[in-house]
Amino acid sequence: MTVRTTRRVFLSAATMMAAALAATACGSPQDTATGGGDSAAPVKVGLVYSQSGALASYGKQYIEGFKAGLDFATKGTGKVGDRKIELTEVDDAGDPAKAVSAAKDLIGKGTKIIAGSTASGVALQVAPIAAQNKVLFISGPAATDAVTGANKYTFRSGRQSYQDVVTAKSFIGDPAGKKVVVFAQDGAFGDANEAAVKAVIGGAGATVSSVRAPASATEFTPFASQIKTAKPDLLFVAWAGTTAPAMWQTLDQQGVLASTTVVTGLDIRSSWPTFGAAGTKISFLSHYFDGASDTEASKALKATVNTIDLFHPDGFAAAQMVVRAAQEGGDDVDKMVTALEGWSFDGVKGKMTIRAADHALLQPMFQAKLAGSGTAFTATAQKSLTGDETAPPAVAMKG
């Protein structure tokens, strides 16, 4: 477990407004920075995320976004009022046990704000620790719906799976009477996606069936034939792994992409070449890609990272939430929670709202298309959906 501590101290000074935002106000967290608590002590923030392991590329984007967001939210001072924000970064390698150990260690050292969680399994293990110790936890790219409503001390700075599936539903308008097929690998990943489509799109009136393939499959013609025979109005593809290029090539060659609307999620830029010649024929649901929005926050982020990728906005929003919590709550975690509940702010994606009832993060989502080919693919937004349009159902707070 690698730990790296960074003290961010900037020479430039910023003029801070004396009045604090109300808990439900719409604005940016850099609008106020009055601080609270011991004015001489730093605000300790623990960032527990994947620096290594399978999701290291996601973690890299998260931390780059976080540091850009902190600079934006504090107007370059790295402070809340007169208090420095002190970051301690810990690599959980995507391992829930390592993440729990790191969180407990940070809490034992007086850290009252924990953020990160690149992986869903990590987030679900850290959330109870936050509740038990009454510290603020802001989950990151972890998309599992179960983070929403986990407990009063747990928030999220990224989207959740429901918002992905609602965005997919938007491609067919009113689902009533429509036929939807889920094409996915056998296993937990495929099960979760099929269940989500049945709940969200099937629940809106569509008939949902599935075509499932073994994870070891390398020949996809039989599955393409099954899909064409089903004649769906929408094909939802949930696929992961090294066989993706062969799978997309087969769907294209067998005419599936030309016969129906095919929707899948747009992952990080480095994955785009896997679509090959099929890339321009697929409709994508998107959490974010470079150019999806034109906000002040996106401009500030782009100036720092040059090309914005999928999980940069999650880190950026986390920093905005940390600054809001610290400036309004001081060292009182319950006041931090109150300050975040119901708060709306202007993030990279646009207007973001933390729903008070269950801490869902309502946010824009995007329909996207790719143009070009291979490493030269570029994405453009076909439609932006508002936070209200993609809002998940409210759930009861569990703790």
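Quick note: residue numbers are just sequence positions, from 1.
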Under 3.5 Å side-chain donor-acceptor pair for [X] and [Y]:
{"X": "Y162", "Y": "T148", "value": "no"}
{"X": "H359", "Y": "K152", "value": "no"}
{"X": "T154", "Y": "N151", "value": "yes"}

Using modelled atom types and a 3.5 Å cut-off, is there a donor and acceptor pairing between side-chain atoms of [X] and backbone atoms of [Y]?
{"X": "K349", "Y": "F366", "value": "no"}
{"X": "R156", "Y": "A142", "value": "yes"}
{"X": "T74", "Y": "L70", "value": "yes"}
{"X": "K198", "Y": "G202", "value": "no"}
{"X": "S286", "Y": "L266", "value": "no"}
{"X": "D71", "Y": "K67", "value": "no"}
{"X": "Q363", "Y": "L361", "value": "yes"}
{"X": "T111", "Y": "I107", "value": "no"}
{"X": "Q185", "Y": "A215", "value": "no"}
{"X": "S293", "Y": "V348", "value": "yes"}

**Report entry** Where at least one partner belongs to residues 270-284, residue pairs that pass side chain to side chain donor-acceptor pair (under 3.5 Å), sequence neighbours excluded
**Finding:**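 Output for this query lists D252-K281.
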
Set of salt bridge (charged side-chain N to carboxylate O under 4.0 Å, His left out) partners for [X], sequence neighbours left out:
{"X": "K335", "result": "none"}
{"X": "D309", "result": "none"}
{"X": "K178", "result": "none"}

Do [X] and [Y] come close enough that some side-chain heavy atom pair is under 4.5 Å?
{"X": "E341", "Y": "F155", "result": "yes"}
{"X": "K98", "Y": "V100", "result": "no"}
{"X": "P364", "Y": "K351", "result": "no"}
{"X": "Y58", "Y": "D267", "result": "yes"}
{"X": "V180", "Y": "V197", "result": "yes"}
{"X": "D164", "Y": "M365", "result": "yes"}
{"X": "H312", "Y": "Y62", "result": "no"}

Return each pair, listed once, that meets salt bridge (charged side-chain N to carboxylate O under 4.0 Å, His left out) where at least one residue sits in [range]; pairs must be two or more places apart or across chains.
{"range": "residues 214-240", "result": "none"}
{"range": "residues 46-63", "result": "K60-E64"}
{"range": "residues 181-191", "result": "D186-R212, D191-R212"}
{"range": "residues 366-381", "result": "none"}

Requested in this report: Would you give the length of the straight line joining atom CD1 of I172 to atom OG1 of T261, rounded to the nearest 0.5 angstrom?
Outcome: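 I172 atom CD1 to T261 atom OG1 measures 8.5 Å (nearest 0.5 Å).
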
Query - From L301 atom CG to F72 atom CZ, the distance as rounded to the nearest 0.5 Å - result: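 One gets 10.0 Å once the value is rounded to the nearest 0.5 Å.
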
**Report entry** Full working for side-chain hydrogen bond (donor to acceptor under 3.5 Å, both in side chains) between S161 and Q163
**Finding:** CA-CA 5 Å; S161 296; Q163 291 161 318; over 6 Å; no

Query raised in the report: Checking side-chain contact (heavy atoms from CB on, under 4.5 Å) for the pair L234/V263: CA distance, chi angles, key distance, verdict?
Result: CA-CA 7 Å; L234 174 72; V263 176; 3.3 Å; yes

[X] to [Y] - nearest heavy-atom pair and separation:
{"X": "L385", "Y": "T167", "answer": "CD2-CA, 4.3 Å"}
{"X": "F183", "Y": "A213", "answer": "CE1-CB, 4.1 Å"}
{"X": "M397", "Y": "A150", "answer": "SD-N, 4.4 Å"}
{"X": "V166", "Y": "T390", "answer": "CG1-CA, 3.9 Å"}
{"X": "D346", "Y": "Q320", "answer": "O-NE2, 3.1 Å"}
{"X": "L310", "Y": "Q61", "answer": "N-OE1, 3.4 Å"}

Requested in this report: For the pair R83 and D331, find out whether any cationic side-chain nitrogen is under 4.0 Å from an anionic carboxylate oxygen.
Outcome: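 A salt bridge links R83 with D331.
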
Query raised in the report: Take atom NZ in K299; do more than 12 heavy atoms of anything else shown fall under 6.0 Å from it?
Result: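 Atom NZ in K299 is crowded, with more than 12 foreign heavy atoms closer than 6.0 Å.
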
Query raised in the report: Passes side-chain contact (heavy atoms from CB on, under 4.5 Å), I85 versus K79? Steps please.
Result: CA-CA 5 Å; I85 295 180; K79 296 180 179 180; 5.9 Å; no

Query raised in the report: Are D358 and R355 close enough, and set up right, to give a side-chain contact (heavy atoms from CB on, under 4.5 Å), and what steps lead you there?
Result: CA-CA 6 Å; D358 58 5; R355 190 163 61 194; 2.8 Å; yes

Requested in this report: Identify the residue among F289, F275, F171 that makes a ring-ring contact (aromatic ring centres under 6.0 Å, His included) with F284.
Outcome: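 Of all the options given, the one that passes is F275.
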
Requested in this report: Scan F223, W248, F220 and name whichever one has a ring-ring contact (aromatic ring centres under 6.0 Å, His included) with W239.
Outcome: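 Only one option passes, and that is F220.
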
Query raised in the report: According to the interplanar angle, ranging from 0 to 90°, do the rings of W343 and F345 count as parallel (below 30°), tilted (30 to 60°) or perpendicular (above 60°)?
Result: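 Because their plane-to-plane angle is under 30°, the rings of W343 and F345 count as parallel.
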
Residues two or more places apart in sequence or in another chain: which of them pass side-chain hydrogen bond (donor to acceptor under 3.5 Å, both in side chains) with [X]?
{"X": "S373", "result": "none"}
{"X": "T295", "result": "S298"}
{"X": "K179", "result": "none"}

Report task. Could you please spell out the steps behind the side-chain contact (heavy atoms from CB on, under 4.5 Å) verdict for L285 and T264? Result -> CA-CA 6 Å; L285 64 94; T264 195; over 6 Å; no

Query raised in the report: Given T250, which of V256, T221, T218 fulfils the side chain to side chain contact (heavy atoms under 4.5 Å, CB included) condition?
Result: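 Testing each of V256, T221, T218 against T250, the sole residue satisfying side chain to side chain contact (heavy atoms under 4.5 Å, CB included) is T221.
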
Under 3.5 Å, which donor-acceptor pairs link side chains of residues 113-139 to any protein atom two or more places apart or in another chain?
from	atom 1	to	atom 2	distance (Å)
T118	OG1	S50	N	3.0
S120	OG	A143	N	3.3
S120	OG	T144	N	3.2
N133	ND2	I129	O	2.9

